[in-house]
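Okay, so here's the structure we're looking at.
Reckoned from all heavy atoms, side chains included, excluding hydrogens, waters and symmetry mates.
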Amino acid sequence: MAATDSTGAAATDGTASQDMTASERERLIAPTMNREGYEAVMATDVSIDTLIGKTVYGIDDSNVGTVSDVTVDAGGAVQNVIIDFGGFLGMGSTQVALGFEELTILTDAGRSDIRVYVDATKEQIQAMPVHTANN
C-alpha cells in the first residue's frame with residue numbers, strides 16, 4: 001500500500017505526509033486465526049485497558065507492533081486502535097490507526113493471555129499512513 005501526500009500523490013520517502021484515519025485508507029481484512037488453547041473474542045468483550053500494551057502479531061506470529069492507544073468518538077464508540085512500531089524504548093516510534101474490524105483478538109480460557117492479530121507484515125504496517133494525535 002503506497003503512502004500518499006495531501007494531493008493524493010505517492011510520497012517519495014515511503015511515509016505518509018498527512019494523518020489518515022483507518023477509514024480513509026484501504027481496509028485490511030481481519031485474519032482467521034486458530035491457535036490451540038485460544039478462542040476468538042469480539043473486540044467489545046475486551047477492555048481498552050487490557051488491549052493497551054499488547055503485542056500485535058502478523059498471521060505468521062511475527063511482531064508487527066504494540067497497541068498504544070484506542071481512540072473513541074464523542075459518543076464513546078471506538079474509532080481506531082493505535083499501533084506503535086519501530087523506535088527503541090518508546091523513542092522514535094511511529095503510529096498507525098487500525099479499525100477494530102481489521103483485527104482478530106484471541107484469548108486463552110482464563111483470559112490471562114490476549115493476542116492481537118492483523119493480516120499484514122511489519123513492512124505493510126510501516127507503509128500505512130502515519131497517525132498523529134489530535135490533542
Side-chain angles (χ1 to χ4, degrees):
M1 177 178 319
T4 59
D5 65 16
S6 60
T7 65
T12 57
D13 64 357
T15 62
S17 61
Q18 69 175 354
D19 177 36
M20 293 179 77
T21 64
S23 63
E24 297 171 318
R25 60 165 171 73
E26 186 176 326
R27 308 290 289 180
L28 299 173
I29 296 172
T32 301
M33 301 301 299
N34 295 308
R35 296 290 181 261
E36 187 174 333
Y38 287 81
E39 65 180 3
V41 295
M42 299 296 296
T44 54
D45 294 336
V46 180
S47 74
I48 291 172
D49 289 338
T50 301
L51 283 177
I52 293 180
K54 295 298 182 208
T55 300
V56 179
Y57 298 95
I59 58 173
D60 62 353
D61 285 319
S62 62
N63 179 337
V64 299
T66 304
V67 177
S68 65
D69 201 1
V70 176
T71 62
V72 295
D73 63 18
V78 172
Q79 291 180 312
N80 295 301
V81 176
I82 309 304
I83 310 297
D84 271 353
F85 63 87
F88 180 71
L89 299 176
M91 302 295 290
S93 66
T94 304
Q95 298 179 328
V96 298
L98 298 176
F100 260 138
E101 65 281 354
E102 296 177 280
L103 305 172
T104 296
I105 302 171
L106 300 181
T107 186
D108 61 1
R111 292 201 177 193
S112 61
D113 187 27
I114 295 175
R115 297 179 63 93
V116 180
Y117 287 91
V118 63
D119 190 6
T121 64
K122 188 166 193 160
E123 291 75 21
Q124 289 169 315
I125 296 291
Q126 290 172 336
M128 288 182 177
V130 174
H131 169 79
T132 54
N134 295 327
N135 291 352

*Atom OG1 of T107 and atom CD of E39: how far apart are they, to the nearest 0.5 Å?*
7.0 Å

*Assess whether side chain to side chain contact (heavy atoms under 4.5 Å, CB included) is satisfied between E102 and V81, documenting all intermediate values.*
CA-CA 10 Å; E102 296 177 280; V81 176; over 6 Å; no

*Can you measure from CG (N80) to NE2 (H131) and round to the nearest 0.5 angstrom?*
7.0 Å

*asked:* For the CG atom of L51 and the OG1 atom of T66, what is their distance to the nearest 0.5 Å?
replied: 12.5 Å

*Donor-acceptor under 3.5 Å (D108 side chain, D113 main chain)*: yes

*May I ask you to check whether over 12 heavy atoms, not counting those of I52, lie within 6.0 Å of atom CD1?*
yes

*Measure the shortest side-chain to side-chain distance between M128 and L98 over non-hydrogen atoms and say whether it is less than 4.5 angstrom.*
yes

*Set of ring pair (Phe, Tyr, Trp, His ring centres under 6.0 Å) partners for Y57, sequence neighbours left out*: Y117

*Are F100 and I82 in one and the same hydrophobic cluster, where Ile, Leu, Val, Met, Phe, Trp and Tyr link if side-chain heavy atoms are under 4.5 Å apart?*
no

_With salt bridge (Lys or Arg N to Asp or Glu O under 4.0 Å) as the rule and sequence neighbours excluded, what pairs involving residues 66-78 come up?_
none

*asked:* Tell me the closest heavy-atom pair linking I125 and A120, and the distance in Å.
replied: CD1-CB, 3.9 Å

*asked:* Please determine whether residues V46 and V67 belong to a single hydrophobic cluster, defined as Ile, Leu, Val, Met, Phe, Trp and Tyr linked transitively by side-chain heavy-atom distances below 4.5 Å.
replied: yes

_Verdict with supporting geometry, D119 and L28, side chain to side chain contact (heavy atoms under 4.5 Å, CB included)_ = CA-CA 7 Å; D119 190 6; L28 299 173; 5.6 Å; no

*Transitively linked via ILVMFWY side-chain contacts under 4.5 Å: V118 with L106?*
no

*Any pair counted as salt bridge (Lys or Arg N to Asp or Glu O under 4.0 Å), so long as it reaches residues 47-61, sequence neighbours left out*: R35-D61, D61-R115

*In Å, rounded to the nearest 0.5 Å, how long is the span from OG1 of T94 to CZ of F85?*
4.5 Å

*Give, for atom OG1 of T55 and atom CD1 of I83, the distance between the pair rounded to the nearest 0.5 Å.*
10.0 Å

*Linking I/L/V/M/F/W/Y whenever any side-chain heavy atoms sit under 4.5 Å apart, do M33 and I114 land together?*
no

_Linked, directly or transitively: I29 and V64 (ILVMFWY side chains, under 4.5 Å)_ = no

*Between S68 and Q95, does any side-chain donor sit less than 3.5 Å from a side-chain acceptor?*
yes

